[in-house]
*Asks:* 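Handing you this structure, nothing more for now.
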Amino acid sequence: MKGLLLLNIALLLSLSCVFCQNSDFYYTKTSRESNFIEDRLGNIDNYLIANDVPIDSAFATRSGIFDIVFFERYVYGESVLGDYTFSHEAIISKVYKGIIIESYFVSYDWKELPMSTPIQVSRKKLPIESVMNVNDFEFKLLNELGSNLIEDNCKIIIPDNVNLLHDSQKAD
């Protein structure tokens, strides 16, 4: 009897997770006065293979004039290989005076070569807003043989209590 109750509870919890899944990206952190390490991004596959490091290390930052802003999501769904899995993905944006000037979509879980396959880039300039449509970024695949892992109509959401325009970067 106790086992049946636990089984029903587990089933209800698993079903509730399916319905509460959200494909939106949420603000997680900012690296102030930073920039990407361009050598890593310019030749990302060679950098990752030569150094045998995770994909997120290609997006490490150094001192600079920008803010690097991270928006992340965890989703459960069908992978490009046909199985179901949890995925950790991010949009990492370079921001200057409240304007996004460059963004990258990256799947932190991608393990197959070439590593650039799921990475997408946007160089569209957009103002920071509390809710932004990812379609507005007009992402393009970094690798022409790549896979688009971004769903239509997903959003970037920044909580009201997060102010991305700190004093040294307020727009003139």
*Asks:* Checking Asn143 side chain against Leu145 main chain: does a donor-acceptor pair fall under 3.5 Å?
*Replies:* yes

*Asks:* Answer whether the closest heavy-atom distance between the side chains of Ser87 and Tyr74 falls below 4.5 Å.
*Replies:* no

*Asks:* When clusters are formed by joining ILVMFWY residues with side-chain heavy atoms under 4.5 Å apart, either directly or through shared neighbours, do Ile37 and Val95 land in the same one?
*Replies:* no

*Asks:* Answer with yes or no whether the side chains of Glu72 and Thr28 bring together a donor and an acceptor at under 3.5 Å.
*Replies:* yes

*Asks:* Closest approach of Leu149 and Ser107, non-hydrogen atoms and distance?
*Replies:* CD1-CB, 4.1 Å

*Asks:* Donor-acceptor check, side chain of Asp67 to backbone of Thr30, threshold 3.5 angstrom: yes or no?
*Replies:* no

*Asks:* Of all heavy-atom pairs between Ile99 and Pro127, which one has the smallest distance, and what is that distance?
*Replies:* CD1-CA, 3.9 Å

*Asks:* When you measure from the centre of the six-membered ring of Phe137, is the NZ or CZ of Lys124 closer than 6.0 Å and no more than 45° off the axis?
*Replies:* no

*Asks:* Might you point out which heavy atoms bring Arg73 and Ser23 nearest each other, and give the distance in Å?
*Replies:* NH1-O, 2.5 Å

*Asks:* Taking C-beta and beyond as the side chain, do Glu89 and Val75 meet within less than 4.5 Å on heavy atoms?
*Replies:* yes

*Asks:* Pick out which of Tyr108, Trp110, Phe70 makes a ring pair (Phe, Tyr, Trp, His ring centres under 6.0 Å) with His88.
*Replies:* Tyr108

*Asks:* What distance separates Ser103 OG from Ile92 CD1, expressed to the nearest 0.5 Å?
*Replies:* 9.5 Å

*Asks:* Measuring from Cys154:SG to Asn135:CG, what's the distance to the nearest 0.5 Å?
*Replies:* 7.0 Å

*Asks:* Tell me, do Val121 and Phe139 make a side-chain contact under 4.5 Å, heavy atoms counted?
*Replies:* no

*Asks:* To the nearest 0.5 angstrom, please state how far the OG atom of Ser122 sits from the CG atom of Asp136.
*Replies:* 9.5 Å

*Asks:* Measuring centre to centre across the rings, with the benzene-like ring taken for any Trp, is Tyr104 within less than 6.0 Å of Phe36?
*Replies:* yes

*Asks:* Do Ile68 and Arg32 have side-chain heavy atoms sitting under 4.5 Å apart?
*Replies:* no

*Asks:* Are Arg123 and Ile101 packed together at the side-chain level, in the sense that at least one heavy-atom pair is separated by less than 4.5 angstrom?
*Replies:* no

*Asks:* Considering all heavy atoms of both residues, which atom of Tyr84 and which atom of Tyr76 are nearest to each other, and what is their separation?
*Replies:* CB-OH, 3.2 Å

*Asks:* Drop me the distance from Glu144's CD to Ser116's OG, to the nearest 0.5 angstrom.
*Replies:* 10.0 Å

*Asks:* Determine, stepwise, if the pair Asp39 / Tyr47 fulfils side chain to side chain contact (heavy atoms under 4.5 Å, CB included).
*Replies:* CA-CA 8 Å; Asp39 293 348; Tyr47 168 76; over 6 Å; no

*Asks:* Measure the CZ-CG distance between Arg62 and Asn35 for me, rounded to the nearest 0.5 Å.
*Replies:* 4.5 Å

*Asks:* Decide yes or no for Phe25 and Ile157: does some side-chain heavy atom of the first lie under 4.5 Å from some side-chain heavy atom of the second?
*Replies:* no

*Asks:* Check whether any side-chain heavy atom of Ile91 lies under 4.5 Å from a side-chain heavy atom of Ile156, and answer yes or no.
*Replies:* yes

*Asks:* Grab the two heavy atoms, one from Ala58 and one from Arg40, that are nearest each other, plus how far apart they are.
*Replies:* O-CB, 3.7 Å

*Asks:* Roughly how far apart are Ile128 CD1 and Ser93 OG, rounded to 0.5 Å?
*Replies:* 6.5 Å

*Asks:* For the side chain to side chain contact (heavy atoms under 4.5 Å, CB included) test, which of Ile55, Leu41, Asp45, Leu141 pairs with Ile119?
*Replies:* Ile55

*Asks:* Should Val53 and Leu113 be counted in the same cluster of Ile, Leu, Val, Met, Phe, Trp and Tyr side chains packed under 4.5 Å apart?
*Replies:* yes

*Asks:* For atom CD of Glu38, is the number of surrounding heavy atoms from other residues, nucleotides or ligands below 6.0 Å larger than 12?
*Replies:* yes

*Asks:* Are any non-hydrogen side-chain atoms of Ile158 and Glu129 less than 4.5 angstrom apart?
*Replies:* no

*Asks:* Could you pull out the closest heavy-atom pair between Asn133 and Lys155, with the gap in Å?
*Replies:* OD1-NZ, 3.0 Å

*Asks:* Within the side chain of Asn148, is there an N or O that forms a donor-acceptor pair under 3.5 Å with the backbone of Ile150?
*Replies:* yes

